[in-house]
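Please read all numbers here as calculations on a predicted model, not as lab measurements.
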Amino acid sequence: MTVPLQTNQILVVSGVRRCGKSILIRKSLPSTEPGLYLNFEDPRLVDFEAVDFPKLEQLRDEMGKISILLDEVQSVAGWEIFARSLHEKGKKLYITGSNASMLSRELGTRLTGRYKQMELFPFSYNEFLLFKNLSPGEESFESYFHLGGFPEFLHIQDQDYLRTLFRDILTRDVAVRRNITNETSLIRLGVFLCSNVGKPFSYSRIGSLLEIKSVRTVIDYCDYLEESYLFDLIPMYSPSIRKQLANPKKAFCVDPALAAANSLSFSKDLGRKLENYVYLHLRRSFKEIQYFQNKDSECDFVVKWNEGIIGAVQVCWELNTDNLHREIKGLQAALSETQAPKGVLLTWDQEDLLEGIIVIPVWKWLLMPAKEFFGIA
């Protein structure tokens with residue numbers, strides 16, 4: 001990912017914990033722009049308050065630094081006041097954060113028009129290839145499929161790392177920040193979503209299964225998990241916003257390997273794991289993604305851009321005589337009902353043209369940006 005360092009605005013990089021936000025910025029800074037770096041999750045900064053921010057300018061100048069990088073800045077209330085002050089002085093400031101709601105609230109109040117925000121995800125397939133110095137192909141994709149994209153995990157490849165990371169996100173990025181005392185219910189919800197990636201669910205059904213009495217609590221907890229960038233919840237396609245809100249949602253995890261490590265069953269469902277990787281590739285380019293379902297057909301994804309549906313994507317581990325008609329029918333129904341101009345059927349390793357439908361192995365499709373595939377400049 002390219003970091004727009006030449007902008008005069010405050011650069012904000014947001015994303016899930018440990019996906020490499022601060023490292024991306026620090027490695028992107030030229031040698032002519034040394035930066036003062038502070039990580040607000042460092043125990044030594046636990047008592048840092050808004051009144052301490054002006055000291056950073058003095059420290060920056062004393063150390064001969066040019067810019068300031070504030071890592072996980074949402075931990076300090078009032079940070080946006082300091083950010084605005086630096087911007088008005090024409091000073092360089094870089095910010096990272098792992099809570100979408102808290103960041104957007106502060107950015108939308110005092111920093112409107114003064115910042116540029118980027119979302120960062122764990123490594124894409126292309127980034128994985130660069131990181132591991134591998135060539136594209138089925139073998140390297142199989143490695144990516146099992147390992148996921150968290151940079152540190154790719155070094156150590158210890159499943160306990162992904163379990164600890166999952167617990168840290170739930171505890172530090174959700175429970176602590178939202179003052180949730182019943183962490184057990186939150187963790188059970190997280191495990192449930194990991195175990196049911198790509199499956200439709202209703203909030204009331206989750207409440208019943210997990211013995212959470214209030215549906216409102218389930219909705220709030222799901223919202224908090226989205227804010228932490230751990231999951232995305234996508235609606236069923238409908239031109240009606242009311243129906244989108246009422247119909248079941250589907251959850252996708254920010255990293256399928258993370259979901260598998262914290263799941264009761266997801267690691268065994270290769271098709272849904274593949275679907276999760278396809279979703280993430282779409283999500284890097286598009287924010288509005290839905291699934292399609294009518295009375296007798298289903299399609300995994302329809303993609304919205306500029307108020308119109310531009311494409312439909314069907315994902316299947318393997319096409320065979322048992323599912324071929326169903327998979328093509330679902331994709332064709334989505335294309336017909338949404339008037340999307342382009343569709344694709346993705347599998348593990350098959351490539352073909354069936355009834356006018358392009359069939360491509362997922363690893364080949366992941367090499368091209370989704371916007372480029374759908375013809376978006």
Side-chain angles (χ1 to χ4, degrees), residues 1-45 48-76 78-100 102-104 106-108 110-124 126-134 149-152 154-155 229 284-285 369 371-372 377:
M1 176 178 284
T2 303
V3 179
L5 297 174
Q6 302 307 314
T7 178
N8 292 322
Q9 296 176 306
I10 300 164
L11 179 63
V12 180
V13 180
S14 59
V16 70
R17 177 185 294 272
R18 309 304 298 169
C19 70
K21 300 182 293 293
S22 62
I23 292 176
L24 175 68
I25 296 176
R26 294 166 76 179
K27 287 189 173 182
S28 300
L29 289 176
S31 57
T32 54
E33 191 185 320
L36 172 65
Y37 171 71
L38 281 91
N39 181 354
F40 287 110
E41 295 198 328
D42 188 319
R44 293 170 294 180
L45 296 176
F48 194 97
E49 298 178 347
V51 294
D52 298 315
F53 274 119
K55 300 174 186 176
L56 298 184
E57 292 186 84
Q58 180 180 348
L59 186 59
R60 176 201 61 203
D61 296 339
E62 290 177 354
M63 296 177 66
K65 305 294 185 180
I66 302 297
S67 59
I68 295 178
L69 168 56
L70 305 179
D71 198 4
E72 299 297 348
V73 72
Q74 73 279 336
S75 301
V76 183
W79 63 266
E80 71 279 7
I81 300 173
F82 174 68
R84 178 170 178 167
S85 172
L86 277 189
H87 180 266
E88 291 174 347
K89 295 175 184 177
K91 302 298 183 181
K92 288 281 188 177
L93 176 64
Y94 305 97
I95 288 170
T96 78
S98 57
N99 186 286
M102 291 184 179
L103 277 177
S104 62
E106 280 83 15
L107 292 173
R110 296 182 183 272
L111 298 178
T112 301
R114 296 175 173 85
Y115 70 95
K116 181 175 182 62
Q117 186 170 10
M118 299 170 52
E119 281 187 315
L120 189 66
F121 297 83
F123 286 152
S124 67
N126 275 317
E127 291 165 339
F128 174 85
L129 294 176
L130 290 172
F131 185 78
K132 302 284 282 185
N133 194 26
L134 298 173
F150 277 104
E152 192 169 348
L154 296 178
H155 278 300
Y229 296 98
R284 288 181 174 91
S285 294
K371 281 187 177 180
E372 184 178 334

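Every residue two or more places apart in sequence or in another chain that forms a side-chain hydrogen bond (donor to acceptor under 3.5 Å, both in side chains) with D42 is listed here: R44. Under the rule for a salt bridge (Lys or Arg N to Asp or Glu O under 4.0 Å), the partners of R110 that lie at least two apart in sequence or sit in another chain are E80. Every residue two or more places apart in sequence or in another chain was checked for a side-chain hydrogen bond (donor to acceptor under 3.5 Å, both in side chains) with D61, and none qualifies. Listed by chain and number, the residues in a side-chain hydrogen bond (donor to acceptor under 3.5 Å, both in side chains) with S124 are E127 (sequence neighbours excluded). Partners of R114 according to the side-chain hydrogen bond (donor to acceptor under 3.5 Å, both in side chains) rule, which considers only residues two or more places apart in sequence or in another chain, do not exist here. Legend: residues meeting salt bridge (Lys or Arg N to Asp or Glu O under 4.0 Å) with R17, ordered by chain and number and at least two apart, are E41, D173. Every residue two or more places apart in sequence or in another chain that forms a side-chain contact (heavy atoms from CB on, under 4.5 Å) with K371 is listed here: S285, F286, W305, I376. Under the side-chain contact (heavy atoms from CB on, under 4.5 Å) criterion, E62 pairs with Q58, L59, sequence neighbours left out. For the side-chain contact (heavy atoms from CB on, under 4.5 Å) test, residues two or more places apart in sequence or in another chain that qualify with Q9 are T7, K116. Applying the salt bridge (Lys or Arg N to Asp or Glu O under 4.0 Å) rule to E88 yields the partners R84; only residues at least two apart in sequence or on another chain are considered.
Side chains of F53 and V76 form a contact here, defined as non-hydrogen atoms less than 4.5 Å apart. You'll find the side chain of L69 reaches within 4.5 Å of the side chain of T96, heavy atoms only. With contacts defined as side-chain heavy-atom distances shorter than 4.5 Å, the pair V16/C19 qualifies.
K21 NZ to F121 CZ: the interatomic distance, rounded to the nearest 0.5 Å, is 11.5 Å. Taken from CG in L154 to CZ in F128, the straight-line distance is 6.0 Å, to the nearest 0.5 Å. Note that CG of L111 is 5.5 Å distant from CH2 of W79, once rounded to the nearest 0.5 Å. Distance CG/L70 to CG/N39: 10.5 Å, rounded to 0.5 Å. Atoms CD1 and CD1, on I10 and I68 in that order, are 11.0 Å from each other to the nearest 0.5 Å.
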Do Y115 and I95 pass the side chain to side chain contact (heavy atoms under 4.5 Å, CB included) test, and can you show the C-alpha distance, the side-chain angles, and the key distance before you say yes or no?
-> CA-CA 10 Å; Y115 70 95; I95 288 170; over 6 Å; no

Where do E119 and R284 land on the salt bridge (Lys or Arg N to Asp or Glu O under 4.0 Å) test, with the steps shown first?
-> CA-CA 8 Å; E119 281 187 315; R284 288 181 174 91; over 6 Å; no

Yes or no on side chain to side chain contact (heavy atoms under 4.5 Å, CB included) for D52 and F82, after CA distance, side-chain angles and deciding distance?
-> CA-CA 10 Å; D52 298 315; F82 174 68; over 6 Å; no

Test side chain to side chain donor-acceptor pair (under 3.5 Å) on S98 and E72 and set out the steps.
-> CA-CA 7 Å; S98 57; E72 299 297 348; 2.8 Å; yes

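Ring geometry, F123 versus F131: the interplanar angle falls from 30° to 60°, so the pair is classed tilted.
Side-chain atoms of Q117 and S14 include a donor-acceptor pair closer than 3.5 Å.
The backbone N or O of G108 sits less than 3.5 Å from a side-chain atom of T112, completing a donor-acceptor pair.
Salt bridge annotation for E57-K91: absent, with no cationic side-chain nitrogen under 4.0 angstrom from a carboxylate oxygen.
Summarising the geometry of R60 relative to I66, their closest heavy-atom pair is CD-O, 3.8 Å, with the distance given to 0.1 Å. The shortest non-hydrogen separation linking G97 to Q74 is CA-OE1, 3.0 Å. The shortest heavy-atom contact between L11 and M118 is CD1-SD, 3.9 Å.
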Distance-only donor-acceptor hits, side chain of residues 22-37, under 3.5 Å, sequence neighbours excluded:
| unit_1 | atom_1 | unit_2 | atom_2 | d |
| --- | --- | --- | --- | --- |
| S22 | OG | D71 | OD2 | 3.3 |
| S28 | OG | L24 | O | 2.6 |
| E33 | OE2 | S67 | OG | 3.4 |
| E33 | OE2 | Y94 | OH | 2.6 |
| Y37 | OH | D71 | OD2 | 2.7 |

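Note on residues 4-13: no pairs pass salt bridge (charged side-chain N to carboxylate O under 4.0 Å, His left out), not counting sequence neighbours.
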